[in-house]
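Beneath this line is the structure, given in structure tokens, with notes to follow.
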Amino acid sequence: MSMLLSGCSTTLTSSTAQNANVSVLQTQLNELVSNKNCTASYQCKVLGVGSRVCGGPSKYVVYSTLNNSQKNAEQLAQSITQQEQQKNSTLGSNECSPVLEVHSLCIDNQCKTVNYQ
């Protein structure tokens, strides 16, 4: 019986550590993409970040490549996605609410989200 409890404790601990790691990565990505200054729309990018159980990203992030590294943003997004995929496969989840893809444009020298309807 203690082995069973020990196994649960390990799962809970690794799950908590995984959540903390995703949180740190999310904070790093948020800081990286917080400067949305732009001079043209081609500098505005959209990244799919995370992973839903039913497929697709858990959110979209708009950022500018004018003062931010596209490579760094993509690497952080990929790391977050991998962590969420692992979390989904180990914990399972029924959450699968739709996440609509967004587009971005440079408006008033800021990358902004544009929804086409």
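For the numbers below, each heavy atom of this structure counts, side chains included, while hydrogens, waters and symmetry mates do not.
- There is a side-chain donor-acceptor pair under 3.5 Å between Thr39 and Gln43.
- In this structure, the separation between CD on Glu74 and NZ on Lys71 is 10.0 Å, given to the nearest 0.5 Å.
- With rounding to the nearest 0.5 Å, the separation of CG in Asn88 from CD in Gln83 is 11.5 Å.
- Between the side chains of Gln86 and Gln82, no donor-acceptor pair is found at a separation under 3.5 Å.
- Within the model, atoms OG of Ser104 and OH of Tyr42 stand 13.5 Å from one another, a figure rounded to the nearest 0.5 Å.
- Residues Leu29 and Leu25 are not in side-chain contact: their nearest non-hydrogen atoms beyond the backbone lie 4.5 Å or more apart.
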> Should Cys38 and Cys106 be marked as a disulfide (SG to SG under 2.5 Å) after you check the CA-CA gap, both sets of side-chain angles, and the distance that decides it?
Replying inline: CA-CA 6 Å; Cys38 58; Cys106 185; 2.0 Å; yes
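- You'll find the side chain of Glu84 reaches within 4.5 Å of the side chain of Ser58, heavy atoms only.
- In this structure, CG on Leu105 lies 13.5 Å from CD on Gln110, to the nearest 0.5 angstrom.
- Side chains of Pro57 and Val49 form no contact here, defined as non-hydrogen atoms less than 4.5 Å apart.
- A 4.5 Å side-chain heavy-atom check between Gln26 and Ile80 finds at least one atom pair inside the cut-off.
- Residue Leu100 belongs to no hydrophobic cluster, having no ILVMFWY side-chain heavy atom closer than 4.5 Å to its own.
- Leu47 is connected to Leu32 through a chain of hydrophobic side-chain contacts under 4.5 Å among Ile, Leu, Val, Met, Phe, Trp and Tyr, so both are in one cluster.
- Note on Val62 and Val99: same hydrophobic cluster, where clusters join Ile, Leu, Val, Met, Phe, Trp and Tyr whose side-chain heavy atoms are under 4.5 Å apart, directly or indirectly.
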